[in-house]
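Notes for the one structure printed next.
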Number of protein chains: 2
Amino acid sequence: MLQQAPSLTRLVGELKKLPGIGERTALRLAFHLLKSPQNLGCLAEALLQVKENIRNCSTCFTLTEHDPCPICSGNRDLSVICVVETSQDLMALERSNSYHGCYHVLQGAISPLHGINPDDLRIRELLERVTGGNVEEVIVATNFTVEGETTALYLSRQLKTLGIRVTRLAHGIPLGSDIEFVDSATVQWAMKGRNEF
Amino acid sequence: MLQQAPSLTRLVGELKKLPGIGERTALRLAFHLLKSPQNLGCLAEALLQVKENIRNCSTCFTLTEHDPCPICSGNRDLSVICVVETSQDLMALERSNSYHGCYHVLQGAISPLHGINPDDLRIRELLERVTGGNVEEVIVATNFTVEGETTALYLSRQLKTLGIRVTRLAHGIPLGSDIEFVDSATVQWAMKGRNEF
């Protein structure tokens, strides 16, 4: 019986730890990998390489292969810092190609419910960066969730005492959407933030 | 930019090869793994261990850690062979706890459309097992798909010339299902195969 193969059981157990992957999917993935031992080896090697090479940038705390990361060491506007929760958020902003300053990755958001306090995030390091350098503006790009908004409020209070300009990403109606189906809170924000033609 | 981290790009590429996993899911999984380097290492190790240890049983061709596999070397009825397409099918039958004979894993099904001919499957080895041993019955448990049925028909013809009893898993109404919603072909089979109370 295959159930008796400990190495397969172990692989299924490891795959099950991944988000959105249950017992059945884990088994399906394991069998898929077993069908091509080459892919299996490649995946294992890729994992080890990532484990070996990826670390946090010591300036902005994003995940990177080189420290400082290509953004911090690149030709970017050092007077603006965009604060995000995760490296994924940073990537989304980079994809938009609308920002040419630096970043600061908090590595989470304040969430007393989950026991995450300001001290658990990279907020101290952000305040140090702001006081140390020639930073003129901090753009708070935490998520628009309860945790993200709490973090944004906390940061804005801390930063304003340092005399820094603090801004937040604009709320509004997403591109390509039908106003009829947009929630009314978003419509309210869009109305309040309306621009001259 | 994280997009510039080659090891991450490589990991995402490897994850994308898995069934049902696209670019976004692969990224999500990669970041999840990056959050806990320990899990990352464990997964890589589990993959390597599986690659190292899992092989095909030389008798029944199921995936196993030991050759012959625990079923072939166990205390099973050697006079009955149940033919399945894959090791997963074997596992499903074992889970049902309704069978105590041996298995033979074809490693696929005849599918001219995908270029899979009888020679690409473990049919020759099955016929050898049947002629060589004291096999009395072959239960054909290929899937009830076009490919599976084709394979079943092919096998039954080959095996009957050897004077072996060939049977097929019963069609019928699945347990716990409402007859109203069962497709009519299945109902027809269930009616034809009705049993005495």
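All of these numbers come straight from a predicted model, not from anything done at the bench. The chains referred to below are lettered A, B, ... by the order of the sequence lines, with proteins before strands, and numbering in each begins at 1. In what follows, every heavy atom counts, from backbone to side chain, and hydrogens, waters and symmetry copies are set aside.
Residue-environment remark: CG (Asp183(A)) exceeds the threshold of 12 foreign heavy atoms within 6.0 Å. No more than 12 heavy atoms of other residues, nucleotides or ligands lie within 6.0 Å of CD in Glu52(B), so this atom counts as exposed by the packing criterion. Counting non-hydrogen atoms of neighbouring residues, nucleotides and ligands closer than 6.0 angstrom, the CG atom of Asp178(A) exceeds 12 such neighbours. Surrounding CZ of Arg165(B) are at most 12 heavy atoms belonging to other residues, nucleotides or ligands under 6.0 Å away.
Between chain A and the options Ser36(B), Cys42(B), Gly13(B), Ala30(B), heavy-atom pairs under 4.5 Å are most frequent for Cys42(B). If you tally non-hydrogen atom pairs under 4.5 Å between each of Thr25(A), Thr86(A), Leu40(A) and chain B, the highest count goes to Leu40(A). When the candidates His66(B), Lys17(B), Glu14(B) are compared by the number of heavy-atom contacts under 4.5 Å with chain A, Glu14(B) comes out ahead. Per-residue heavy-atom pair counts under 4.5 Å with chain A were compared for Cys57(B), Gly74(B), Ala44(B), and the maximum is reached by Ala44(B).
Residues His32(A) and Pro19(B) share a closest heavy-atom pair of CG-CD, 3.3 Å.
Counting only heavy atoms from C-beta outward, the side chains of Leu8(A) and Ile54(B) approach each other to under 4.5 Å. Taking the side chain as every heavy atom from C-beta outward, Leu48(A) and Leu48(B) approach each other to under 4.5 Å.
In this structure, the portions of Leu43(A) lying under 4.5 Å from any heavy atom of chain B include both its backbone and its side chain. Looking at Leu11(A), the atoms closer than 4.5 Å to chain B (heavy atoms on both sides) sit in the backbone and in the side chain alike.
Tyr103(B) and Leu121(B) fall into different hydrophobic clusters, defined by Ile, Leu, Val, Met, Phe, Trp and Tyr side-chain heavy atoms under 4.5 Å apart, directly or through other members. Hydrophobic clustering of Ile, Leu, Val, Met, Phe, Trp and Tyr side chains at less than 4.5 Å, counting indirect connections, keeps Val84(B) apart from Val166(B). Note: the hydrophobic cluster containing Val135(B) also contains Leu162(B) (ILVMFWY, side chain heavy atoms under 4.5 Å, direct or indirect links). Val80(B) and Val140(B) fall into different hydrophobic clusters, defined by Ile, Leu, Val, Met, Phe, Trp and Tyr side-chain heavy atoms under 4.5 Å apart, directly or through other members. In the hydrophobic clustering of ILVMFWY residues, with side-chain heavy atoms under 4.5 Å counting as a link, Leu155(A) and Ile116(A) come out together.
Pairs engaging residues 118-166 of chain B under the ring pair (Phe, Tyr, Trp, His ring centres under 6.0 Å) rule: Phe144(B)-His171(B) [sequence neighbours left out].
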**Request:** For side chain to side chain contact (heavy atoms under 4.5 Å, CB included), just list the numbers for Leu34(A) and Lys51(B), CA-CA rounded to whole Å, side-chain angles, deciding distance to a tenth of an Å, and then say yes or no.
**Result:** CA-CA 7 Å; Leu34(A) 276 167; Lys51(B) 194 187 172 198; over 6 Å; no

**Request:** Test side chain to side chain contact (heavy atoms under 4.5 Å, CB included) on Val50(B) and Leu33(A) and set out the steps.
**Result:** CA-CA 9 Å; Val50(B) 156; Leu33(A) 285 164; over 6 Å; no

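Leu18(A) CG to Leu15(B) CG: the interatomic distance, rounded to the nearest 0.5 Å, is 8.0 Å. Separation of atoms CZ (Arg10(B)) and CD (Glu45(A)) is listed at 4.5 Å; rounding is to 0.5 Å. Note that CG of Leu27(B) and OG of Ser87(A) are 11.0 Å apart. Values are rounded to the nearest 0.5 Å.
Checking side-chain atoms of Gln88(B) against main-chain N and O of Arg28(A) turns up no donor-acceptor pair under 3.5 Å.
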